[in-house]
There are 2 protein chains.
Amino acid sequence: MEKTRAVTARPSPEAARDIPEATVARLPVYLRALTTLSEQGTSTCSSEELAGAAGVNSAKLRKDLSYLGSYGTRGVGYDVEYLRYQIAREIGVTQDWPVVIVGIGNLGQALANYSGFRSRGFRVVALLDADEARHDEVVAGLEVRPFSDLEQIVSDHAVAIGVIATPAVAAQDVADRMVACGITSILNFAPSVLSVPEQVDVRKVDLSIELQILAYHEQRKTQGAAS
Amino acid sequence: MEKTRAVTARPSPEAARDIPEATVARLPVYLRALTTLSEQGTSTCSSEELAGAAGVNSAKLRKDLSYLGSYGTRGVGYDVEYLRYQIAREIGVTQDWPVVIVGIGNLGQALANYSGFRSRGFRVVALLDADEARHDEVVAGLEVRPFSDLEQIVSDHAVAIGVIATPAVAAQDVADRMVACGITSILNFAPSVLSVPEQVDVRKVDLSIELQILAYHEQRKTQGAAS
DNA sequence: TAGATTGTTAATCGATTAACAATC
DNA sequence: TAGATTGTTAATCGATTAACAATC
């Protein structure tokens, strides 16, 4: 009676391959909302409640969850712990991800100290900086090491994810070296467009771009009031 | 002979109202690419070149620019300086935007020191923190002030944009106070869902969510290799 | 004029949403 | 059984892209 896609009750890794990007980007938001609910002692929630906590509408939430499987109970809702685990497993944060941060300026230090990484399965294994003057400095309990140690560290810790927090001018070089070492996922805070091989994923966080998007809308609000 | 929308040769603020969100989010990227080209001494570029520098395909670039007006020359390309100015004006970064940062921990300090804001029309006018122990500390040339000064500062400097870099638990309170003071755009670095009135824009930057999205894709790469 | 490149069209693709049948 | 809520459908909306007429 069920549709073809849903027939495989526990979706195998293969079957689950086609989760839309927009859904993938929201799964961590749901995960965080479930963690909050769990900490508040909530053991069951409806799609309406969870959607509220995550800041989306409930139709979208249910549609998103339907790509993972059927983890709810009609007429009842979702078991918070169970759903939390299923989403964590789907994202991959039930395992430990060693991460290396390159560029230990203000932002790099803030990232090294950010407790939100550790609690979500990410472990910062090394801090690297090209500036010799910074070496042996200790940040967040880790010694800052020369950039040339990258290869050794990546191979020692099986690092798959690299974070770039260098100035723009250095970012492409760092990315090239990361790729050469076998890193296949990069989070880039430098304001520059990286070119990498197809199999390497790059995500970009650009603080001033976010402000500019706000400014665009802000400008129109004010204009509207003036005209 | 031209279509209705394009008839208003210089689009008035009113006419330009309907730029798609996806396009708005890319305008700052084009602006940065044009600034780089300009600094390299390039005075003219084709959509192909600019698209390359911005990391998008040229069809998308031309489509995006078409929402602003006709700023290129067929057979020739775009004048780098002219296009740069037109996009800056459209975004609103030809004017000065006073910004206040609340929460001067590691991340708040990194933001306060980030030079990319100033060079793009954003001016940090005050740093606020609820922790008394931090007051009178000087960060990026600004004294850290009590959170209770918010209202005075917003009114003195006509602040329209606020940045939240506090722990999650404080973020909603800060947002409420900001809204009460008349701030209508918020950039939120705290890992929490803010609820604000409809007319207030909130953008969220969540470091650990970005890493989780990378982890999701990373997990599948590895799985694919193993299975 | 011939070559180059924009600005626009139209087709396609992916994301969102309301509504509701399925089912606890 | 009656009430509640999921999981899915189908319609709608918005974004992307290739192709090309317009035009420098």
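So that the names make sense, note that chain A is the first sequence line, chain B the second, and so on, each numbered from 1.
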Any N/O pairs under 3.5 Å between the protein and nucleotides 2-6 of chain D? List them or say none.
{"from": "D/dT5", "atom 1": "O4'", "to": "A/G75", "atom 2": "N", "distance (Å)": "3.1"}
{"from": "D/dT5", "atom 1": "O2", "to": "A/G75", "atom 2": "N", "distance (Å)": "3.3"}
{"from": "D/dT6", "atom 1": "OP1", "to": "A/S47", "atom 2": "N", "distance (Å)": "2.5"}
{"from": "D/dT6", "atom 1": "OP2", "to": "A/S47", "atom 2": "OG", "distance (Å)": "2.6"}
{"from": "D/dT6", "atom 1": "O2", "to": "A/R74", "atom 2": "NH1", "distance (Å)": "3.2"}

Between B/D79 and B/R84, does at least one N-O distance fall below 4.0 Å, as a salt bridge requires?
no
Using a strict cut-off of less than 4.0 Å between a Lys/Arg side-chain nitrogen and an Asp/Glu carboxylate oxygen, indicate whether A/E48 and A/R62 qualify as a salt bridge.
no
To the nearest angstrom, how far is [X] atom [atom1] from [N] atom [atom2]?
| X | N | atom1 | atom2 | result |
| --- | --- | --- | --- | --- |
| A/Y67 | D/dT8 | OH | P | 11 Å |
| A/D64 | C/dT16 | CG | P | 7 Å |
| A/K60 | C/dG14 | NZ | P | 18 Å |
| A/L68 | D/dT8 | CG | C1' | 15 Å |
| B/N57 | D/dA18 | CG | C1' | 9 Å |
| A/E21 | C/dT16 | CD | P | 12 Å |

Would A/K204 and A/L194 count as a side-chain contact (heavy atoms from CB on, under 4.5 Å) here? Give the steps.
CA-CA 9 Å; A/K204 190 166 177 296; A/L194 298 182; over 6 Å; no
Would you confirm whether A/R89, through its side chain, and A/Y85, through its main-chain N or O, come within 3.5 Å as a donor-acceptor pair?
no
Looking at A/Y216, is its backbone amide N or carbonyl O close enough to the side chain of B/E90 to form a donor-acceptor pair, meaning the two atoms are under 3.5 Å apart?
no
Please list, chain by chain and in numerical order, all residues satisfying side-chain hydrogen bond (donor to acceptor under 3.5 Å, both in side chains) with B/D64, sequence neighbours excluded.
B/T23, B/R26, B/Y30
What does A/A59 touch in the nucleic acid at a heavy-atom separation under 4.0 angstrom: a base, only the sugar-phosphate, or nothing?
base
Look at the side chain of A/K63 and decide which nucleotide, out of D/dT17, C/dT17, D/dA15, has an atom nearest to it.
C/dT17
Roughly how far apart are A/S47 OG and A/Y78 OH, rounded to 0.5 Å?
5.5 Å
So, taking the atom named CD1 in B/I101 and the one named CD1 in B/I161, what distance separates them when rounded to the nearest 0.5 Å?
11.5 Å
Taking the six-membered ring of A/F117 as reference, does the cationic atom of A/R123 (NZ for Lys, CZ for Arg) lie under 6.0 Å from its centre and within 45° of its axis?
no
Map every base of DNA chain C to its dot-bracket character, where paired means a Watson-Crick or G-U wobble contact with both distances under 3.5 Å and | marks a partner outside the strand.
..||||||||||||||||||||||
